[in-house]
Amino acid sequence: MSADTRPRLTGGFSRTRSSFRGWRGRRPFWAGLWTLLAGLPIMYFPYANLQIGSLSLRLATTAGAGSLIIGVLLIVLGLTMWFQPVSRVFAGVAAILLALVSLVVSNFGGFVMGFLLGLIGGALAVAWAPGKPVPAGGDESGDPAEPGDGPSPGPPSEASAPAGGAVVDLTKKSPIHGTNGRHSAG
């Protein structure tokens, strides 16, 4: 069997990865991920029982319920950024405020890890803006394609001539400069 006759792997992985990249590009994905990760240390440390050798360290405080609420809210805000990108500004501001409150309420914001992750995630959500859709038939600069853009395919044919027999110049060249308005890079 030669290399040319082997079946090509166009399986589900590349298709799934491509669709995930499209989904991720239409929402503040990284802001949601950082905000979601911010809730984990804030929730974990007040209920953790850390063992260092034979020494048991417990950080249970009276603010354990407050830490749990702040952590759950940060996780919900991270998911909101993913699945409701329209409310990204509200979710980002709420994440920043909850991260600031976690400094006081939950062991210095999950030992500053949750606090920093929450601030970064909230700031990314507030700063994210949806991309502009590319118009159909447009070029890479985002300008819509016009009939006179680009090189002319050759001399005008009779099909492009109007009924009076006059040939119409579709190149839209300026009579002054003889160019079509685009600058050359050379």
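Note that the coordinates shown come from a computational prediction; the quantities given were computed from them, not determined experimentally.
- Both L100 and V112 are assigned to one and the same hydrophobic cluster, defined by single-linkage of ILVMFWY side chains at heavy-atom distances under 4.5 Å.
- A donor-acceptor distance shorter than 3.5 angstrom exists from the side chain of T80 to the backbone of V76, with no hydrogens or angles considered.
- Atom CG of L98 sits about 10.0 Å away from atom OG of S106, to the nearest 0.5 Å.
- Counting heavy atoms from C-beta on, the side chains of L37 and L40 come closer than 4.5 Å.
- Under a hydrophobic clustering in which Ile, Leu, Val, Met, Phe, Trp and Tyr are joined whenever their side-chain heavy atoms come within less than 4.5 Å, directly or via other members, W23 and W30 fall into the same cluster.
- Taking L79 as the reference, L36, I75, W82, F83 meet the side-chain contact (heavy atoms from CB on, under 4.5 Å) condition, with sequence neighbours excluded.
- Under the 3.5 Å distance criterion, the side-chain polar atoms of S19 are matched with a main-chain donor or acceptor of T16.
- Other residues, nucleotides and ligands contribute only 12 or fewer heavy atoms inside 6.0 Å of the CZ atom of F90.
- Shortest non-hydrogen contact noted between A95 and G122 is CB-CA, 4.1 Å.
- L97 and M113 end up in different hydrophobic clusters when Ile, Leu, Val, Met, Phe, Trp and Tyr side chains are linked at under 4.5 Å.
- Under the 6.0 Å cut-off for aromatic ring centres, F108 and F45 do not qualify, their centroids lying 6.0 Å or more apart.
- Every residue two or more places apart in sequence or in another chain that forms a side-chain contact (heavy atoms from CB on, under 4.5 Å) with A31 is listed here: P28, M81, L124, A125.
- Shown here for L119 and A99, the closest heavy-atom pair between the two residues is N-CB, 4.0 Å.
- Residues I42 and I69 share a hydrophobic cluster, clusters being chains of Ile/Leu/Val/Met/Phe/Trp/Tyr side chains in contact below 4.5 Å.
- For W128, the CH2 atom sits in a packed shell: over 12 heavy atoms of surrounding residues, nucleotides or ligands are nearer than 6.0 Å.
- Hydrophobic clustering (ILVMFWY, side-chain heavy atoms < 4.5 Å, transitive): F115 and Y44 are in distinct clusters.
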